[in-house]
Amino acid sequence: MTPPRSPDELHRIGYLGPRGTFTQMALEAWEGAAGREHVPYGSVDAALSALRSGDLDAAMVPIENSVEGGVSATLDALATGDPLVVIGEVLVPITFVLCAREGLSLSEIRAVGTHSHAWAQVRGWMGENLPDAVYVPTLSTAASAVALAAGPDTPFDAGVCAPVAAAQEGLTVLAEDIGDNHGAVTRFVLVARPGILPTPTGADKTTVVLFQRTDHSGGLLELLEQFAVRGVNLTRLESRPTGAAMGSYCFSIDVEGHVADARVGESLMGLRRVCADVRFLGSYPRADGIRAQPHQGTGDADFAAARAWLDGLTT
Ligand SMILES: O=C(O)C(=O)Cc1ccccc1
């Protein structure tokens, strides 16, 4: 099976479903969404497995939230297993409603179902308005709405989801805009099998996962200085357990710039020398369009001039 080589060749795109999730909104907001098949999956792992096995050409998954931080299910699935690469990102503003089947009032709610990231973002509202409600995890926000609409046998009597999911399922909205942080934004990434490298735009990001050779003092500093000395700015840094042993961590990092930018490429070469493994997870245009401002001595021309100078010393 030949992997797609350009975004035009992506026909079947999966997403964390069902219909009405924030991830579906992200996929619809992606500039290349039109004219492709959008396929819902029950979990991030299911969508990424389908992508790895070739059932999908790409998948949209949540990766980071402005309030709750990284989405571990996605970070861990990308850090291990057959390689995948990020080819695009989308930012979605998040608004939650509390919904239930018709006829139920707020005071009758005993248990609330939703995605763990949604629960973390409405915890304050719940503490004030439903302090005794039990939390029941669901695989997505829309999954709670679909379950409520399907019948009375749910382990929860209300759900937290996007307004569109409550409307689609014909549920009653008991409270609107219940997020504790009204400016919350979630970042979603479009992931594909290796083979597609979006062209540099000047406003790009690169994602990598770094595995250290040994645990030693200054180990993280040693990794970060590969970026620092070349003027590469980090936009996200998270440590995640590798699962190999207690205390064994890898670092999941986003930086400004494209692997084709000399300062980023040279940083990755430096990391390749000092790390046990560097997993390249793609270079792609930034959703916010913010252009990198390389400082003096770190532009492509500076690296090329330094290389020409060195070549001149040895020829
Ligand atoms: O469950 C959803 O709707 C998702 O797309 C995942 C999610 C959950 C909470 C906030 C943002 C994204």
Side-chain angles (χ1 to χ4, degrees), residues 13-30 33 38-51 56 58-78 86 88-100 111-126 133 135-150 154-156 158-169 171 173 175-191 236 238 287-288:
I13 307 187
Y15 66 91
L16 169 65
R19 204 164 74 96
T21 58
F22 294 104
T23 314
Q24 186 189 22
M25 291 176 211
L27 178 51
E28 282 169 3
W30 176 56
H38 297 183
V39 192
Y41 281 79
S43 68
V44 166
D45 279 319
L48 296 182
S49 297
L51 174 59
L56 290 173
M60 185 67 81
V61 289
I63 193 163
E64 182 185 4
N65 183 272
S66 62
V67 178
E68 188 50 15
V71 179
S72 324
T74 303
L75 293 173
D76 295 349
L78 295 179
V86 176
E89 69 170 10
V90 178
L91 299 173
V92 177
I94 302 293
T95 310
F96 297 111
V97 297
L98 180 75
C99 60
V112 179
T114 194
H115 187 276
S116 56
H117 266 244
W119 183 255
Q121 292 176 61
V122 299
R123 211 182 273 133
W125 189 93
M126 290 292 165
Y135 167 52
V136 180
T138 59
L139 289 172
S140 70
T141 54
S144 70
V146 168
L148 285 169
T154 43
F156 45 87
V160 173
C161 60
V164 67
Q168 268 168 12
E169 300 307 320
L171 297 169
V173 172
E176 288 181 73
D177 206 4
I178 63 170
D180 299 330
N181 181 324
H182 293 287
V185 172
T186 295
R187 177 176 164 235
F188 298 82
V189 286
L190 186 67
V191 180
R236 183 182 60 85
E238 272 165 275
D288 58 16

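Indexing begins at 1, ligand by ligand and atom by atom, following the structure's order. None of the values given here were measured: they were computed from a predicted structure.
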Subject >> From L27, V160, T23, V122 - option closest to atom 4 (C) of ligand 1 by heavy atom >> reply: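 Considering heavy atoms of L27, V160, T23, V122, the nearest to atom 4 (C) of ligand 1 sits in T23.
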Subject >> Options T141, V71, T74, ranked by nearest heavy atom to atom 3 (O) of ligand 1, top entry >> reply: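 Residue with the shortest heavy-atom distance to the ligand atom: T141.
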State the atoms of ligand 1, each with its element, that fall below the 4.0 Å cut-off from a heavy-atom position in [X].
X: S140; value: 1 (O)
X: T21; value: 2 (C), 3 (O), 5 (O)
X: L16; value: 4 (C), 6 (C)

**OP:** For residues T114 and Y135, determine if any side-chain heavy atom of one lies less than 4.5 Å from a side-chain heavy atom of the other.
**Re:**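 Side-chain contact under 4.5 Å: yes.
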**OP:** State, with a plain yes or no, whether a side-chain heavy atom of V189 is found less than 4.5 Å away from one of V61.
**Re:**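 Yes, side chains in contact.
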Subject >> F188-ligand 1 polar pair, N/O distance under 3.5 Å >> reply: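 The answer is no, given that F188 and ligand 1 share no N or O pair closer than 3.5 Å.
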**OP:** Quick one: sort the H38 and Y15 rings into parallel, tilted or perpendicular, breaks at 30° and 60°.
**Re:**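 If you compare the ring of H38 with that of Y15, the planes turn out perpendicular.
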Original post:
Do any N or O atoms from the side chain of T21 and from the backbone of L16 form a donor-acceptor pair under 3.5 angstrom?
Top reply: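 Here the side-chain-to-backbone pair exists.
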Checking a contact table here: which protein heavy atom is nearest [atom], and how many Å away?
atom: atom 8 (C) of ligand 1; value: H115 ND1, 3.5 Å
atom: atom 11 (C) of ligand 1; value: T186 OG1, 3.4 Å
atom: atom 9 (C) of ligand 1; value: A118 N, 3.7 Å
atom: atom 10 (C) of ligand 1; value: Q121 NE2, 3.9 Å

Subject >> Pairwise distance CD1(I94) to CG(N181) - rounded to 0.5 angstrom >> reply: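 Going from CD1 on I94 over to CG on N181, the span is 11.5 Å.
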Original post:
Do you see a donor-acceptor pair shorter than 3.5 Å between the side chains of D177 and T95?
Top reply: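 Looking only at side-chain atoms, T95 and D177 do not form any donor-acceptor pair under 3.5 Å.
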Original post:
If you draw a 6.0 Å radius around CD in E176, do more than 12 non-hydrogen atoms from other residues or ligands fall strictly inside?
Top reply: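 Incorrect, the count does not exceed 12.
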Original post:
Between V92 and ligand 1, which residue portion shows a heavy-atom distance shorter than 4.0 Å: side chain, backbone, both, or neither?
Top reply: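 For V92, there is no contact with ligand 1 at all, from either part.
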Original post:
What closest approach, in Å, do P155 and V136 show between heavy atoms, and which atom pair accounts for it?
Top reply: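 Nearest pair, atom of P155 first, then V136: O-CG2, 3.5 Å.
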